[in-house]
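Predicted, not measured: the structure shown is a model, and the values here were computed from it. Chain A is the first sequence line, chain B the second, and so forth, proteins listed ahead of strands; every chain is numbered from 1.
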Amino acid sequence: MSDYLARLNPEQRLAVETLDGPLLVLAGAGTGKTRVLTTRFAHILLTKRAWPSQVLAVTFTNKAAREMRERVAAMLGTPVEGLWLGTFHALGARMLRRHAALAGLQPGFSILDTDDQLRLLKPLMQQAGLDLHRFPPPVLMGQIQRWKDRGLTPSRITPAEDTDFAQGKARALYAAYQERLAAVNAVDFGDLLLHTTELLRTHSDVLAAYHRSLRYILVDEYQDTNLVQYLWLRLLAQEHRNICCVGDDDQSIYSWRGAEVENILRFEQDFPGAQVVRLEANYRSTTPILAAAASLIAHNEGRLGKTLRAGRAESDGEKVAVIGLRDSDEEARMVGLRIEGLRSEGHSLAEIAILVRASFQTRAFEERLIAWAIPYRVVGGLRFYERAEIRDAIAYLRATLRPGDDLAFERILNVPRRGLGDAALRKLHERARAEERPLAAAAEALHDAGALSGRVREALASLLGGFARWRAVLARDGHVVALKTILDESGYLEMLEKDRSPEAPGRIENLRELGRAMAEFETLEGFLDHVSLVMENDENAAGDRVSLMTLHAAKGLEFDTVFLPGWEEGLFPHQRALEEAGTKALEEERRLAYVGLTRARTRAIVSHVGFRRFYSGWQNAFPSRFLDELPAEAITRSGAALLEREAALTAAPVFSAAFPSSAFPSSAFPAAARFPRVRDVPAEGQGEARRQRRGTPIAVGARVFHQKFGYGTVTGSDEDRLDIEFEKEGRKRVLDRFVEPA
DNA sequence: GTTCTTCTCCTTTTT
DNA sequence: GGAGAAGAAC
């Protein structure tokens, strides 16, 4: 027996050695999921069942892909080339480049970011005569994305599915959007899988070729796949059926991004004859932490069912601490103090994490950690390539490389400011549309025709001249030199150098970093793909620092000590989940709590507060229902009684709509039943004066007078606002106290 | 065309 | 509270 197999427990070994036919590995938190995946991969190669190029291994994050690549290489003792290993999107992009023509694209297509997508969509919506205030482009973009997540091309959408947006205009706009994308030779993230799946569906020869070459399929985090990813996998696996999906239905936390837990729940029906292996021995956490997590998640229905059992020898340990505090400032202080304590006991800061529900919570902790000089890093947030200066630089490169890349051209047309504003852009668009040419070509034509005023003409000439030069530099000296030249000659660098804001030096440094990153690529094309698909922001990655991140970002990580602040109704579970009908959203929140607890190896500290800083003011809060779902024997509670008394003493009878009563089933929270839910704490009561003004309510349809706008008719109302159709001024929304009955 | 002011919004965000 | 967008004023 090879020694890499000997290192596995029996269930892990079964998961590695069951190579023929469909296999679902249900891997609970901390049960060695990554080890199983990488060992299985290496096992396939070492037993010569397939060549590296015949295995498809797919993950969700670049990090997971990188880790798998490294660990497989380590097991084989040699770096492996030619693997189909990567994220869904990276692999989709790779396939799509191979068969671009079949999807109506050229192989050099661009991959758009969110900004670009909206820039493309907006004008289409305007052309359709939509009021962009009533119908915000991001909402439509979201609808289109959801369709793409479900593998729906415009032609597959039925009218019945197109009722949510602007009286059924979404489908047509989606079709127009796809046409525009093709016209500028671009795709968005969703397209990487949508086009590829569509292509495999309709070109049996292409599909057959992949069936011949890809003999084994490995899928990580299967519970997070959406429908189009599922379809893609099923198409690729349908011939040989050697598909192994690893996942945990209890850790499905991305349904809002289109993930369908049903994929994992349905696996045995989708792949008849599938075998299922459960990994239940947890090697990560202590008994109390496991008990707390297990008891919590047991409140969810519709699970595939796993029971984590302690796999560690020294698995006894500290109970989970549940701490109630007065307010969120005190919570931050408590966390900071405890971190200080751990540090002085010699614990490494890198083994400590603060996991929050919503990103705004990080700020309070950051302030505290800064004040006490505790090094920390915020994980997540803006990725490197999402920064404005990086996107600008890339837009310059794209526009240089691809003269037809309208979106890139438009992005930098007036960055830095060169007097080419909206008016000039509109002209370019008109010309471009009339002649069906790219913006840059239209610009050239307009310029040559002498149809522009002096200033605009000069600015445009200089920019177009720049592109011509930069193209030559790119061809002659390569992309790194081209970037430097562009940043210099376009005035972009100068703009940043003149910028006195505190961010400016960092931006310049980011651009240098971009140059360094580019140097690692042979071609600009290769680099551009890398930057939109793979590049991440790993500054601050090194060093002994506390990690601060959202629960979502923490999935897959583990720490000795985990702080879980903000376990309060309305925050966690989040208000939106509470308002939703049914229990689906609430169960996802619970899974998020489960993910949080199971990140901890030896110490978990859960906290909740009575008053939380919220936007400008304060809101009072009540302990999360999840706290009641933790078993008494696995936790120690402190501070809760104090908290309740405090709430009783200070609560005032002001009701706010922010936390509807449905959030607080009185059975679960006696305190909540007795006391009002939410109030503004800042006592000096500025809030009151406003509220008392409610005199005679003004009904819809009433004729009213407004000091500034004159006479009008009320067409609608919302809280203390009235929508009024004014005779002179048109429709406006005003505060009710400024109008009087006419 | 740029700059100042006002209004509006505020969960999570693997690629 | 604070960011970002839209509108008004320059």
Give a yes/no on whether any side-chain N or O of [X] is located under 4.0 angstrom from OP1 or OP2 of [N].
{"X": "A:R576", "N": "B:dT11", "result": "yes"}
{"X": "A:T61", "N": "B:dT15", "result": "no"}
{"X": "A:S359", "N": "B:dT12", "result": "yes"}

Whole Å only: how far is the [atom1] atom of [X] from the [atom2] atom of [N]?
{"X": "A:H574", "N": "B:dC10", "atom1": "NE2", "atom2": "P", "value": "10 Å"}
{"X": "A:D224", "N": "B:dT13", "atom1": "CG", "atom2": "P", "value": "14 Å"}
{"X": "A:R590", "N": "B:dT12", "atom1": "CZ", "atom2": "C1'", "value": "18 Å"}
{"X": "A:L91", "N": "B:dT15", "atom1": "CG", "atom2": "P", "value": "13 Å"}
{"X": "A:Q117", "N": "B:dT13", "atom1": "CD", "atom2": "P", "value": "18 Å"}
{"X": "A:D191", "N": "B:dT15", "atom1": "CG", "atom2": "P", "value": "18 Å"}
{"X": "A:F360", "N": "B:dT12", "atom1": "CZ", "atom2": "C1'", "value": "12 Å"}
{"X": "A:H530", "N": "B:dT15", "atom1": "NE2", "atom2": "C1'", "value": "13 Å"}

Original post:
Side chains of A:Q229 and A:N263: do they bring a donor and an acceptor to under 3.5 Å?
Top reply: no
**OP:** Determine the contact category for A:Q229: base if any of its heavy atoms lies under 4.0 Å from a base atom, sugar-phosphate if only primed atoms, P, OP1 or OP2 are that close, otherwise nothing.
**Re:** nothing
**OP:** Tell me what A:F88 touches on the nucleic acid: a base, only sugar-phosphate, or nothing, going by heavy atoms under 4.0 Å.
**Re:** nothing
Original post:
Regarding A:R612 and the six-membered ring of A:W618, is the cationic atom NZ or CZ under 6.0 Å from the ring centre and inside 45° of its axis?
Top reply: no
Subject >> Ring-face cation of A:R97 near A:F109 (centre distance under 6.0 Å, axis angle within 45°) >> reply: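 Cation-pi check for A:R97 and A:F109: passes.
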Could you please name the option among [options] that lies closest to any side-chain atom of [X]?
{"X": "A:A358", "options": "B:dT15, B:dT11, B:dT13", "answer": "B:dT11"}
{"X": "A:R357", "options": "B:dT11, B:dT13, C:dG2", "answer": "B:dT11"}
{"X": "A:R363", "options": "C:dG1, B:dT13, B:dT15", "answer": "C:dG1"}

Original post:
Of all residues at least two apart in sequence or in a different chain, which pass the salt bridge (Lys or Arg N to Asp or Glu O under 4.0 Å) check with A:R363?
Top reply: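 Per chain and number, A:R363 pairs via salt bridge (Lys or Arg N to Asp or Glu O under 4.0 Å) with no residue.
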Original post:
With centres under 5.5 Å and planes under 30° as the test, does A:H89 stack with B:dT15?
Top reply: no
Contact list (N/O, under 3.5 angstrom) for nucleotides 1-3 of chain B vs protein:
residue : atom : partner : partner atom : Å
B:dG1   : OP1  : A:G419  : O            : 3.2
B:dG1   : OP1  : A:G421  : N            : 2.8
B:dG1   : OP2  : A:A423  : N            : 3.4
B:dT3   : OP2  : A:R417  : NH1          : 3.1

**OP:** Assess the pair A:W256 and A:Y254: is the distance between their ring centroids shorter than 6.0 Å?
**Re:** yes
**OP:** Measure from the ring center of A:F572 to the ring center of A:H608 and say whether it is less than 6.0 Å.
**Re:** no
Subject >> Residue list, ring pair (Phe, Tyr, Trp, His ring centres under 6.0 Å) with A:F60, at least two apart or on another chain >> reply: A:F88
Original post:
Using the purine O4'-C1'-N9-C4 or pyrimidine O4'-C1'-N1-C2 torsion, is B:dT11 syn (within 90° of 0) or anti?
Top reply: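 Syn for B:dT11; the angle stays within 90° of 0.
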Original post:
Short question: side chain of A:R591, backbone of A:S252 - any donor-acceptor pair under 3.5 Å?
Top reply: yes
